[in-house]
Amino acid sequence: MSDDRLELLKGTLDLMVLQTLATMGPMHGYGVARRIEQVSGDQVLLNQGTIYASLVRLQHRRLIKAGWGTSDNNRRAKYYSLTRAGEKELAKEAATWQRLASVMTRVLSASGDGAQ
Amino acid sequence: MIRRVLESLARLADVLRKRKLDADFDEEIATHIELLTEENIGRGMSADEAHRQAMLRLGGLAAVRNIHRDARGFPVLERFLQTSWLDFKLGIRMMLKYPGLSLTGVVGMGVAIAIGTGIFAVFQATLFPSIPLDEGDRLVGIENWDTETRNQDYHSLHDFLAWRAELRSVEEIGAFHARSSNLIKADGTVEQVRVVEINPGGLRTAHIEPLMGRLLTDEDDKPGSPDVAIISHQMWQRQFDADPTILGMTVRLGPKSHTIVGVMPPGFAFPVNDNLWIPLRANPLAFERGGGPELFIFGRIAPGFTRDSAQAELTQIGIRTASDFPETSRLKPRIVPYSALFFDDVAMAEFLAAQFMVIMLLVVVFGNVAILIYARTASRHSEIAVRTALGASRRRIVSQLFVEALVLTSVAAVFGLTLIKIAAQEGKALFAGEAGDIPFWIDFSLSFQTILVTLAFTILAAVIAGVVPALKATSRNVERQLRQLEGGARMQLGRTWTALIIVQVAVVVAILPGAIFNAWQAYGTFEPGFPVVEFVGARLGLDGGPAQSTELLKDLQNRLLERIKAEPDVVGVTGGSIPGKEQRITVEIEGTDGRPRMARFTRVDSNFFDVFGVRTLMGQSLAQTVSDTAVVVNRAFVDDILGGTNPLGRRVRYVTSRRNGTDTFVVPLGVAVPQTQENDGWYEITGVVDNLPAKTVQSDETAARI
């Protein structure tokens with residue numbers, strides 16, 4: 001593993017989990033963690049255990065719900081899925097992040113015009 | 001805000017399902033590890049390596065479990081509770097390990113907490129009660145405050161009528177006068193009872209309907225109406241054997257027959273703790289302003305008004321009254337809490353003084369227990385030093401010792417509350433014995449506030465007995481103690497010192513609260529100074545109200561005394577005011593600067609001093625006195641009021657009724673003392689007697705109290 005992988009900003013993991021569940025549908029913890037790693041192109045340094053803290057937080061906020069199912073290897077696994085409140089929260093948070101990202105991109109790509 | 005509350009509730013639910021959620025998570029994480037391991041095997045790793053790498057990517061099983069648990073619940077609080085629980089268990093172990101200390105501490109602190117809480121409970125029950133009636137908090141007393149004597153003036157019949165007619169902010173204004181009377185039933189049995197003469201509206205103020213029959217009506221209050229009475233459920237049960245035909249039955253109250261027209265429901269004892277009510281029928285025309293029966297006046301704050309607005313309205317009425325009747329300008333009408341009608345303002349000062357004394361007592365007792373605990377803590381220095389060396393903070397160790405002390409003080413508090421519970425019954429009987437039945441609103445059961453006070457005392461005790469020694473014990477240089485440990489040195493108090501400390505503390509802890517309790521009980525009582533066992537006493541009064549002739553009373557008394565004198569076992573018999581219950585008056589001495597002096601005034605029979613063995617020091621004895629305007633004074637009166645000058649022939653008269661005084665002058669029993677006498681109310685001092693009680697070793701002031 002390379003040392004230059006990104007550490008997640010505070011609060012971003014919850015949004016990634018919501019987006020993953022919105023895209024992939026109901027998933028277990030391992031699936032969510034792997035999906036985030038894959039989508040990020042293994043750029044994100046994810047301690048997979050932390051995914052469970054995120055899942056608990058989102059459950060407490062009623063943004064996702066959980067139910068038991070069977071995994072690919074035929075084991076009992078807990079599957080998480082988005083609630084209506086989760087869908088709304090995702091839309092709101094995604095819009096905020098996109099605006100922030102675009103502002104950050106503009107600021108960082110600005111030329112030195114006007115600089116002293 | 002709502003989101004946070006919902007999240008907190010979800011966390012709380014998870015804390016309560018901790019075991020199940022832990023088991024679920026173990027299963028969930030096992031699946032995760034298995035999937036991750038399979039993925040690693042797919043990448044060509046050996047099974048062991050694949051599992052090891054899976055654990056690494058997960059961050060370690062224990063760590064993941066902790067992260068999950070922390071995310072689910074309230075980690076800080078849970079850890080605190082877990083630690084406190086351990087400290088609590090340690091506290092119990094310590095208590096059992098040092099039984100002598102525990103017993104001394106629990107008994108001493110328990111008694112101290114019981115006294116502290118008990119005194120608070122008694123004062124709270126008497127001073128700040130809640131009146132258990134419909135909207136009882138709106139019930140208030142209305143009284144005249146005499147700004148000269150600084151006391152209530154209860155002769156307010158005229159004001160009562162004015163207030164009832166004019167006050168808009170207080171409704172349902174009532175008044176009552178209580179007196180003793182002989183209840184004579186049809187079978188001729190006689191029993192002394194307390195009768196409440198109350199205006200019909202006053203009885204209705206309680207908003208309680210009768211169990212049987214009716215309440216008093218305005219018709220009953222009119223002169224010439226048939227005499228009626230209403231009795232309590234208790235009286236109906238006890239005195240009339242719950243006779244179902246009670247209504248219409250006639251009973252005699254002294255000289256008058258009354259028809260029972262109503263029985264009140266169980267528990268009804270308004271206005272104080274009463275069982276028998278008759279119409280007041282006080283005619284203001286029969287009395288001068290300031291005269292008439294002593295009345296307690298009360299009412300309900302009307303809807304839309306407060307006590308302050310009622311006071312403002314009452315003050316305006318008071319100003320008008322003072323303008324119309326300047327001689328009453330010293331009286332300021334005021335609204336007081338209902339219960340304050342029956343307890344004067346001194347009680348509040350006593351309450352604060354008692355609370356201060358109690359807290360001082362508690363600090364002394366807790367401080368002594370702290371010494372014991374410090375001795376115990378001192379012997380644990382090595383343990384504390386090692387724990388500190390291993391990383392325990394001072395705060396952590398102090399908190400541990402605080403919880404240990406809290407265990408001890410909590411047991412003491414439970415012991416104290418048990419004592420209070422037992423004492424409450426005894427206290428109720430004591431109170432009832434001293435002051436008649438206790439008012440209906442006084443509830444000695446443990447209130448929420450009482451429990452809170454106990455809790456506060458418990459924590460205070462734990463702080464003094466636990467935190468103070470803990471701070472002291474942890475303030476030493478830990479390294480030095482560790483070095484001492486290396487050298488095998490241990491702090492030991494030794495058996496003798498430990499025993500001495502235990503004995504000293506046990507004595508203080510056991511004796512001090514008891515001594516204060518005894519002092520408290522003795523408060524307000526005094527040694528009479530004569531052989532009490534040789535005397536018997538009885539109160540003599542005329543049934544039929546205050547307007548009876550004093551001549552009749554005198555005649556009855558003389559006949560009674562003659563009959564008692566004839567008894568073979570009786571050495572002497574006399575009459576007079578009840579010792580300690582003399583009337584306080586202000587006197588003026590003729591030929592002085594006219595400055596009024598306070599004194600106690602007692603009417604006694606002519607042989608009173610002979611029976612009590614009090615010497616006549618100068619002039620005539622009371623038995624030799626023939627004039628109706630002659631008085632005898634005691635030595636304290638001569639010393640304090642007359643400055644030790646020759647009193648014989650000096651004249652005194654009383655100015656106005658006062659409550660406080662230190663000296664005594666006496667007049668023969670049955671002599672009326674109106675100021676309208678031809679001699680302007682002057683009395684001539686014809687004799688001086690020694691102070692009563694004659695054998696007292698107390699000061700003249702106390703001796704003069706008779």
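Order of the sequence lines fixes the chain letters, A, B, ..., with proteins taken first and strands second; residue numbering starts at 1 for each chain. Quick caveat: nothing in here was measured; it's all calculated off a predicted structure.
Shown here for A/Gly49 and B/Val64, the closest heavy-atom pair between the two residues is CA-CG2, 3.8 Å. B/Thr31 approaches A/Arg76 most closely through the heavy-atom pair OG1-O, 2.7 Å. Taking every heavy atom of both residues into account, B/Ala71 and A/His60 meet most closely at O-CE1, 3.6 Å. Among all heavy-atom pairs drawn from A/Thr50 and B/Ile67, the shortest one is CG2-CD1, 4.4 Å.
Screening B/Leu56, B/Ile33, B/Leu58 against A/Gln48 for a side chain to side chain contact (heavy atoms under 4.5 Å, CB included) leaves a single residue, B/Leu58.
The distance from atom CG of A/Asn74 to atom CD of B/Glu34, rounded to the nearest 0.5 Å, is 10.5 Å. Remark: A/Ser54 OG to B/His68 NE2 distance equals 11.0 Å, nearest 0.5 Å.
Of all residues in residues 80-97 of chain A, those placing a non-hydrogen atom less than 4.5 angstrom from a non-hydrogen atom of chain B are A/Tyr80. Of residues 9-18 of chain B, those residues with a non-hydrogen atom less than 4.5 Å from any non-hydrogen atom of chain A are, in numerical order, B/Ala10, B/Arg11, B/Asp14. Within residues 43-50 of chain B, the residues having any heavy atom less than 4.5 Å from a heavy atom of chain A are, in residue-number order, B/Arg43.
Using a 4.0 Å cut-off between a side-chain N of Lys or Arg and a carboxylate O of Asp or Glu, B/Arg57 and A/Glu37 qualify as a salt bridge.
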Under 3.5 Å donor-acceptor pairs involving side-chain atoms of residues 18-30 of chain A, not counting sequence neighbours:
unit_1: A/Gln19; atom_1: NE2; unit_2: A/Thr23; atom_2: OG1; d: 3.1
unit_1: A/Thr20; atom_1: OG1; unit_2: A/Met16; atom_2: O; d: 2.6
unit_1: A/Thr23; atom_1: OG1; unit_2: A/Gln19; atom_2: O; d: 2.7
unit_1: A/His28; atom_1: ND1; unit_2: A/Gly31; atom_2: N; d: 3.0
unit_1: A/Tyr30; atom_1: OH; unit_2: B/Glu39; atom_2: OE1; d: 2.3

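Note on B/Leu6, B/Asp70, B/Ile29, B/Asp24: by heavy-atom pairs under 4.5 Å with chain A, the leading option is B/Asp24.
Neither the backbone nor the side chain of A/Arg57 comes within contact range of chain B; no heavy atoms are under 4.5 Å apart. Using a 4.5 Å cut-off between heavy atoms, B/Arg72 contacts chain A through both its backbone and its side chain.
Taking the side chain as every heavy atom from C-beta outward, B/Glu27 and A/Trp68 approach each other to under 4.5 Å.
Heavy atoms from other residues, nucleotides or ligands lying under 6.0 Å from CZ of A/Arg75 number more than 12.
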